[in-house]
K.L.:
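Got a structure for you, questions after.
Every value quoted in this text rests on a predicted model; they were computed, and no experiment measured them.
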Amino acid sequence: MAAIRLSYDAVAGSYAEAMSDELRHKPLDRALLTAFAEQVGAGRGGAGRVWDVGCGPGHVTAFLTGLGLDAAGLDLSDAMIAQARKRYPGLEFSTGSMTALPAADGSRSGLVSFYSLIHMIDDADLRLALAEFRRVLADDGLLLLAVHTGQEIRHSTEWFGAEVDISFRFFDPDWLSAELEQAGFAIESLTRRQPYPQAEVPTERAYYLARAR
């Protein structure tokens with residue numbers, strides 16, 4: 001976790017500059033976030049608290065807020081949270097780890113986590129993160145998760161022009177589906193897509209909408 005935090009601290013400014021506008025180029029991502037927002041808003045008692053876990057510079061949090069949700073962002077990196085607060089001063093952002101989420105049991109109606117689980121290289125850490133997702137979600141709460149698909153782990157020592165020590169895990173969708181179910185989620189949809197040219201790293205993506213059982 002320390003290496004992940006330090007790596008994102010090192011690239012925070014450049015990463016935010018490159019990624020803050022990415023949703024404009026990703027229509028399926030926007031559509032899935034919109035479907036997530038509609039379902040969370042139609043849940044018991046209407047829209048409750050929603051967390052963007054691994055929020056980075058805050059653009060997904062801001063998009064969810066624009067859809068009418070009470071959204072806040074959480075990230076491991078202090079420097080990335082500083083970028084989010086700078087760009088969206090009216091929104092709530094805080095520092096924390098997905099393996100020890102700073103929230104009470106059942107306190108969130110929805111969670112979004114785009115490309116954050118990819119840093120859970122060990123199965124034990126992945127399972128701890130999924131257990132934390134389930135713990136803080138209310139029954140019937142909704143999770144929207146995005147990962148790279150495949151069977152590899154890529155390690156980088158240079159990223160956005162900075163020295164880093166960070167790994168990226170690719171997931172077999174069937175394997176991750178089983179892990180989600182074991183953690184207490186019922187998968188409602190699994191969507192796979194090819195990369196958008198010139199808009200992102202050229203990897204296949206998988207998106208899960210999963211309901212807390």
K.L.:
side-chain contact (heavy atoms from CB on, under 4.5 Å) between His59 and Asp21: does it pass, once the steps are laid out?
P.N.:
CA-CA 7 Å; His59 53 295; Asp21 195 37; over 6 Å; no
K.L.:
Rounded to the nearest 0.5 Å, how far apart are OH of Tyr208 and CG of Leu143?
P.N.:
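Rounded to the nearest 0.5 Å, the OH-CG separation comes out at 11.0 Å.
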K.L.:
Decide yes or no for Val50 and Arg108: does some side-chain heavy atom of the first lie under 4.5 Å from some side-chain heavy atom of the second?
P.N.:
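When only atoms from C-beta onward are counted, Arg108 and Val50 do not touch, as no gap falls below 4.5 Å.
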K.L.:
Count I, L, V, M, F, W, Y as connected when their side-chain heavy atoms are under 4.5 Å apart, and connections chain through other members. Are Met98 and Leu6 then in the same cluster?
P.N.:
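No, Met98 and Leu6 fall in different hydrophobic clusters.
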K.L.:
Would you say Arg211 and Ile187 make side-chain contact, with heavy atoms under 4.5 Å?
P.N.:
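A side-chain contact under 4.5 Å is absent here.
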K.L.:
How many angstroms lie between atom CD of Gln194 and atom CG of Leu28, to the nearest 0.5 angstrom?
P.N.:
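Rounded to the nearest 0.5 Å, the CD-CG separation comes out at 12.0 Å.
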K.L.:
Does the side chain of Ser7 come under 3.5 Å of the side chain of Asp165 through a donor N or O and an acceptor N or O?
P.N.:
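On atom types as modelled, these side chains do not qualify, holding no pair under 3.5 Å.
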K.L.:
Could you measure the distance from the CG atom of Leu33 to the CG atom of Leu144? Nearest 0.5 Å is fine.
P.N.:
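Nearest 0.5 Å value for the CG-CG distance: 5.5 Å.
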K.L.:
Out of the candidates Ile153, Ile4, Leu126, only one should pair with Ile121 under the side-chain contact (heavy atoms from CB on, under 4.5 Å) rule; please name it.
P.N.:
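Result: among Ile153, Ile4, Leu126, Ile153 is the only option passing the side-chain contact (heavy atoms from CB on, under 4.5 Å) with Ile121.
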K.L.:
Taking all non-hydrogen atoms of both residues, which atom of His25 and which atom of Arg30 are closest, and how far apart?
P.N.:
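Nearest heavy atoms, His25 then Arg30: N-NH1, 4.1 Å.
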K.L.:
Tell me the closest heavy-atom pair linking Thr149 and Phe170, and the distance in Å.
P.N.:
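Minimum heavy-atom contact is O-CD2, 3.3 Å.
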K.L.:
Determine yes or no for a side-chain-to-main-chain donor-acceptor pair under 3.5 angstrom, with His148 supplying the side chain and Phe171 the backbone.
P.N.:
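Pair absent, no side-chain N/O of His148 close to backbone of Phe171.
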K.L.:
Would you kindly confirm whether Ile81 and Tyr15 end up in one hydrophobic cluster when ILVMFWY residues are joined by side chain heavy atoms under 4.5 Å apart?
P.N.:
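No; Tyr15 is not reachable from Ile81 via cluster members.
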K.L.:
To the nearest 0.5 angstrom, please state how far the CZ atom of Arg134 sits from the CG atom of Leu111.
P.N.:
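Reported value, rounded in 0.5 Å steps: 10.5 Å.
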K.L.:
Donor-acceptor pair, Asp52 side chain versus Thr61 backbone, under 3.5 Å?
P.N.:
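Checked: pair present.
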K.L.:
Counting C-beta onward and ignoring hydrogens, is there a side-chain heavy-atom pair between Arg154 and Thr203 closer than 4.5 Å?
P.N.:
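Sidechains of Thr203 and Arg154: in contact.
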K.L.:
For residues Leu176 and Leu145, determine if any side-chain heavy atom of one lies less than 4.5 Å from a side-chain heavy atom of the other.
P.N.:
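The answer is yes, as the side chains (C-beta and beyond) meet within the 4.5 Å cut-off.
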K.L.:
For Phe114, is the NZ or CZ atom of Arg205 found under 6.0 angstrom from the centre of its six-membered ring and inside 45 degrees of the ring axis?
P.N.:
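No cation-pi geometry.
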K.L.:
Please tell me whether Trp175 and Tyr207 are part of a single hydrophobic cluster in this structure, the criterion being side-chain heavy atoms less than 4.5 Å apart.
P.N.:
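Linked, Trp175 and Tyr207 end up in one cluster.
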K.L.:
Under 6.0 Å from the CD atom of Glu17, do we count more than 12 heavy atoms belonging to anything else shown?
P.N.:
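12 or below, so no.
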K.L.:
Stepwise, does the side-chain contact (heavy atoms from CB on, under 4.5 Å) test hold for Arg127 with Glu179?
P.N.:
CA-CA 7 Å; Arg127 289 166 182 153; Glu179 291 294 326; 2.8 Å; yes
K.L.:
Linking Ile, Leu, Val, Met, Phe, Trp and Tyr through side-chain heavy atoms less than 4.5 Å apart, which residues share a cluster with Leu128?
P.N.:
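None, because no other hydrophobic side chain comes under 4.5 Å of this residue.
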K.L.:
How far apart are the closest heavy atoms of Ser107 and Ala104, and which atoms are they?
P.N.:
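Ser107 and Ala104 have their closest heavy atoms at OG-O, 2.7 Å.
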K.L.:
Just checking Gln182: does its CD atom have more than 12 heavy atoms from other residues, nucleotides or ligands closer to it than 6.0 angstrom?
P.N.:
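Not more than 12 within 6.0 Å, no.
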K.L.:
Indicate the atoms forming the closest heavy-atom contact of Arg193 with Lys26, along with that distance.
P.N.:
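The answer is NH2-CD, 4.0 Å.
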K.L.:
Would you name the heavy atoms of Asp125 and Thr99 that are closest together and state the gap between them?
P.N.:
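Looking at all heavy atoms of both residues, the closest pair is O-CG2, 4.0 Å.
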K.L.:
Would you confirm whether Asp122, through its side chain, and Ala124, through its main-chain N or O, come within 3.5 Å as a donor-acceptor pair?
P.N.:
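Side chain of Asp122 to backbone of Ala124: no pair is present.
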K.L.:
Determine whether Gln83 and Tyr8 make a side-chain contact, defined as any pair of heavy atoms from C-beta on separated by less than 4.5 Å.
P.N.:
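Contact flag for Gln83/Tyr8 side chains = no.
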K.L.:
Between Asp105 and Val136, is a side-chain contact (heavy atoms from CB on, under 4.5 Å) present by the stated rule, with each step listed?
P.N.:
CA-CA 4 Å; Asp105 296 0; Val136 302; 5.8 Å; no
K.L.:
Hey, quick one: are Val60 and Tyr196 part of the same hydrophobic cluster, counting side-chain heavy atoms closer than 4.5 Å, chains of contacts allowed?
P.N.:
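Same hydrophobic cluster.
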K.L.:
Decide if atom CD of Glu158 counts as having more than 12 heavy atoms of other residues, nucleotides or ligands within a radius under 6.0 Å.
P.N.:
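Buried by this count: over 12 neighbours within 6.0 Å.
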K.L.:
Taking it one step at a time, do Met1 and Leu76 satisfy side-chain contact (heavy atoms from CB on, under 4.5 Å)?
P.N.:
CA-CA 8 Å; Met1 289 297 175; Leu76 188 65; 4.1 Å; yes
K.L.:
Any side-chain heavy-atom pair from Leu74 and Cys55 closer than 4.5 angstrom?
P.N.:
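Leu74 vs Cys55: side chains apart.
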K.L.:
Let me confirm one number: the CD-OG1 distance from Glu92 to Thr65, rounded to the nearest 0.5 Å.
P.N.:
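Rounded to the nearest 0.5 Å, the CD-OG1 separation comes out at 10.0 Å.
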K.L.:
Which atoms form the tightest heavy-atom contact between Phe93 and Tyr88, and what is the distance?
P.N.:
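Nearest pair, atom of Phe93 first, then Tyr88: CE1-O, 3.7 Å.
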K.L.:
Does CD belonging to Glu204 count more than 12 external heavy atoms closer than 6.0 Å?
P.N.:
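Check passes, neighbour count above 12.
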K.L.:
Using a 4.5 Å cut-off on heavy atoms from C-beta on, say whether the side chain of Glu152 contacts that of Phe168.
P.N.:
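Sidechains of Glu152 and Phe168: no contact.
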K.L.:
Is there a path of hydrophobic side-chain contacts, each under 4.5 Å between heavy atoms of I, L, V, M, F, W or Y residues, that connects Leu209 with Leu67?
P.N.:
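Leu209 clusters together with Leu67.
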K.L.:
Backbone N or O of Arg49 within a donor-acceptor pair of the Asp70 side chain at under 3.5 Å?
P.N.:
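Checking the backbone N and O of Arg49 against the side chain of Asp70, no donor-acceptor pair under 3.5 Å is found.
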K.L.:
With rounding to the nearest 0.5 Å, note down the distance linking CH2 in Trp51 to CG in Leu137.
P.N.:
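Reported to 0.5 Å precision, the distance equals 10.5 Å.
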K.L.:
Taking the side chain as every heavy atom from C-beta outward, state whether Thr95 and Met80 have any pair of such atoms under 4.5 Å apart.
P.N.:
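Sidechains of Met80 and Thr95: no contact.
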K.L.:
Does Arg85 reach the main-chain N or O of Pro57 with its side chain, forming a donor-acceptor pair under 3.5 Å?
P.N.:
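No; zero donor-acceptor contacts below 3.5 Å.
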K.L.:
Is Arg169 reaching over with its side chain to a backbone N or O of Met120, donor-acceptor style, under 3.5 angstrom?
P.N.:
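Indeed, once roles are kept as given, a pair shorter than 3.5 Å links the two residues.
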